[in-house]
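See structure below.
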Amino acid sequence: MKWNLRMVAAQRDIWRPVQLLAAFKEVGFSPSLSKVAALWGSQPVTVRLEDLDMICAALDCTVADLMQAEPESHRAVRDEAPRAVAGGKPGSEAARPVVRPGGSGRKSLPPN
């Protein structure tokens, strides 16, 4: 999902989180400035539906204006990116623990 809050706000001549907060207050939505700044600065992991409804009311937009689905091809490329493995080269198989014969590999403590 692509978060387009800044673009939608810019189309309504809102350029700063403080201005966005003022627009929110006009429709009875009063989140903290830090929450507004977080919505402004990065893509949220979650958004409450009530908050999303109030954001759309304040900006006179739809959910489709705020969020845009990314095509499957973008997700596939991102998922296929090589990942670094501890102790190995990128793209190599994951390191596995060595199982030693005779049990778990732990030595028992001598009796007291």
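Numbers for residues simply follow the sequence, beginning at 1.
Cluster membership for Leu33 and Phe24, using ILVMFWY side-chain heavy atoms within less than 4.5 angstrom, is shared. Tracing side-chain contacts under 4.5 Å through hydrophobic residues (I, L, V, M, F, W, Y), one reaches Val18 starting from Leu59; they form part of the same cluster. Cluster annotation: Val36 is not connected to Met7 through the hydrophobic network of ILVMFWY side chains, with a link wherever side-chain heavy atoms come within less than 4.5 Å.
Looking only at distances, no side-chain donor or acceptor of Gln19 sits under 3.5 Å from a matching main-chain atom of Ala9. Without hydrogens or angle criteria, Arg12 side chain to Ala23 main chain gives no donor-acceptor distance under 3.5 Å.
Between Val27 and Met54, the shortest heavy-atom distance links the atoms O-CE, 3.0 Å. When all heavy atoms of Met1 and Glu70 are compared, the closest pair comes out as N-OE1, 3.8 Å. In this structure, Cys61 and Leu66 approach most closely via the heavy-atom pair SG-CG, 3.9 Å. Minimum heavy-atom separation, Ile14 to Trp40: O-CH2, 3.6 Å.
Of the candidates Leu20, Asp51, Ile55, Ile55 is the only one forming a side chain to side chain contact (heavy atoms under 4.5 Å, CB included) with Leu39.
In this structure, the separation between CZ on Arg6 and CD on Gln11 is 13.5 Å, given to the nearest 0.5 Å. The CG atom of Leu52 sits 9.5 Å away from the OG1 atom of Thr62 when rounded to the nearest 0.5 Å.
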